[in-house]
Amino acid sequence: MKTLILKRTKKFFIIPTSPFNFDGTFHKPSHFPNKLKLDDWKPKEYCQTFRVDRDLFAIVIKDKGTLLRPKLEITIYSRANLNAQYLEKIKQEIIYRFGLNFNLSEFNRLIKSDKRFYPIFKKWIGMRSSSQYTLYELLIIAIVLQNTTVRRSQQMLDSLLASFGTKVSFDNKTLWTIWLPKELENVSEEELRALKVGYRAKFIKKLSENFVDGKVDEFKLRDFDKENTKEELMKLYGVGPETARILLFETYHFYDVFDHIAPWQQKIYSRLFYGKKLVSANKIYNDIKSQYGKYSMLAVHYIWEDIFWKRTTKNIPWLEKEIRL
DNA sequence: CATCAGGGCCCTG
DNA sequence: CAGGGCCCTGAT
């Protein structure tokens, strides 16, 4: 097992667009927690391992501002000394991944006319859709989520990390990071299957090859429109419409990717939006689209994360049943 | 004990 | 473009 110790530090500040919600942006309680943690969070402070190209860092982000005058203090932990140019690159990467420069004013006006859910929106005003990960990293997570229960997804990611991940120590903390695509080059499908990832072994193997071969350019896609980005993502082995949708929302910050509702999502939406056990997917789709339009997925995200936040302090029986840990 | 479906996708006909 | 099959696991 590889352990990386990061001792050198550099500090800088980022001013996100206002208003900004620190905890809602840097912590998404709906995401599954595995044992070998990739990040850590407490109110006003967030840290994670952080890949930029082939380099590996750790970052600590602290909330040093307010909702309306936001300010983030970033500390980068690295092995080598970082020059100003490289620091700027890391800074821009943080800004992109967490959507720190997005203008949400139109969305913030829209939610005011929603009498029923405005109290919830108001709690999270300034929250962004974000992905702490590189494209490849989020794809790996999306693949272990496919066609299984959350408990098994956790197990799969943990055993993959234990075999191929890197342990990173910094600032009296230890977190893990996902391997690079190239590091699976000499790993066979059988070895992956031995980690009980099932038929996903082939997906992980071929997907990693796709990245090594340069079949996709994470950064080029940032300039593509939604349809083209989706098309490019779906060229990757193991990526279908649902996985593409997750990436379009979290990695590429498209706010309206509410085009498909899976049965398990349908059950949770039914409770959230109608207080009923089951409402037809078509009705949910039409209602959400007509109310929130080009911010449909973002609006759903606010309501969705809110119930998972509530779940951290109180038991919600129907939700426990639906997420099937 | 057996059967089944799950936070989809690939492949076939 | 509809439908079967897929690795494993926990629920029934």
Side-chain angles (χ1 to χ4, degrees), chain A residues 28-35 38 129-133 135-164 184 187-211 215-216 229-251 257-273 277-279 281 284-285 288 297 300-301 303-309 311 316-325:
Chain A
K28 305 290 185 186
S30 76
H31 292 184
F32 75 84
N34 53 314
K35 289 202 183 76
L38 302 166
S129 83
S130 62
S131 164
Q132 72 195 73
Y133 307 109
L135 176 60
Y136 176 76
E137 289 167 341
L138 186 55
L139 273 164
I140 293 294
I141 290 168
I143 282 175
V144 301
L145 277 166
Q146 289 171 7
N147 195 32
T148 189
T149 51
V150 172
R151 186 192 302 275
R152 219 185 130 215
S153 300
Q154 295 170 327
Q155 289 168 356
M156 286 190 271
L157 188 59
D158 278 330
S159 52
L160 286 165
L161 280 170
S163 295
F164 309 114
L184 290 192
V187 176
S188 66
E189 196 180 314
E190 289 67 36
E191 284 174 78
L192 290 168
R193 270 180 186 267
L195 302 175
K196 305 191 179 197
V197 298
Y199 62 86
R200 295 168 200 80
K202 189 177 179 184
F203 289 14
I204 294 169
K205 182 76 184 144
K206 288 197 142 193
L207 178 73
S208 302
E209 285 169 9
N210 286 167
F211 271 78
K215 192 166 178 179
V216 65
T229 308
K230 183 174 183 180
E231 197 178 312
E232 288 300 307
L233 291 172
M234 286 183 54
K235 285 180 186 168
L236 299 169
Y237 198 86
V239 179
E242 177 61 9
T243 301
R245 194 192 60 77
I246 293 171
L247 293 158
L248 286 172
F249 184 61
E250 296 190 7
T251 298
V257 285
F258 192 72
D259 45 9
H260 171 253
I261 304 173
W264 69 277
Q265 295 161 336
Q266 184 190 354
K267 291 177 198 164
I268 296 181
Y269 293 154
S270 299
R271 294 276 191 172
L272 281 180
F273 294 110
K277 269 195 169 170
L278 203 61
V279 175
I284 297 174
Y285 174 83
I288 295 291
M297 193 61 228
V300 170
H301 180 65
I303 311 290
W304 182 270
E305 291 300 327
D306 181 70
I307 192 77
F308 280 88
W309 276 100
R311 176 175 173 265
I316 304 167
W318 67 262
L319 185 59
E320 295 308 315
K321 184 165 165 276
E322 298 305 349
I323 56 184
R324 303 194 339 124
L325 284 175

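Every heavy atom of this structure was used, including side-chain atoms; hydrogens, water molecules and symmetry mates were not. Lettering of chains follows the sequences in order, A, B, ..., and the numbering in each one begins at 1. Keep in mind the model is a prediction, meaning the values are calculated, not measured.
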To the nearest Å, give me how far apart CZ (A/Arg151) and C1' (B/dA5) are.
16 Å
Using a 4.0 Å heavy-atom cut-off, does [X] contact any base of the nucleic acid, only the sugar-phosphate backbone, or nothing at all?
X: A/Ser153; result: nothing
X: A/Arg200; result: base
X: A/Pro241; result: sugar-phosphate

Residue pair A/Leu161 / A/Leu38, side-chain heavy-atom distance below 4.5 Å
yes
Would you say the side chain of A/Ile204 lies within less than 4.5 Å of the side chain of A/Phe164, judging by non-hydrogen atoms?
no
Could you tell me which nucleotide pairs with C/dC7 by Watson-Crick or G-U wobble geometry, both distances under 3.5 Å, or answer none if nothing does?
none
C/dT12 -> Watson-Crick or G-U wobble partner, both distances under 3.5 Å, gives B/dA2
Below 4.0 angstrom, N of the basic side chain to O of the carboxylate: do A/Glu242 and A/Arg245 qualify?
yes
If you measure from the Lys or Arg side-chain nitrogens to the Asp or Glu carboxylate oxygens, is any gap between A/Glu231 and A/Lys235 under 4.0 Å?
no
Quick one: is A/Tyr237 getting a side-chain N or O under 4.0 Å of the B/dC11 phosphate, OP1 or OP2?
yes
How do A/Lys267 and A/Gly238 order along DNA chain B: which one's closest nucleotide is nearer the 5' end?
A/Lys267
In terms of the nearest nucleotide of DNA chain C, which residue is placed more toward the 5' end: A/Gly198 or A/Gln155?
A/Gly198
Tightest non-hydrogen contact, residues A/His301 and A/Ser129, listed as NE2-CA, 4.5 Å
Taking A/Tyr237's backbone N and O only, do any of them form a donor-acceptor pair with A/Asn210's side chain (distance below 3.5 Å, no angle check)?
yes
For the side chain of A/Gln266 and the backbone of A/Leu278, is there at least one donor-acceptor N/O pair under 3.5 Å apart?
no
Distance, P atom - from C/dC7 to B/dT12, rounded to whole angstrom:
14 Å
Nearest-Å distance once atom P is located in both B/dG7 and C/dA2:
24 Å
Boundaries of the chain A footprint along DNA chain C (any atom under 4.0 Å from a heavy atom)
C/dC6 to C/dG10
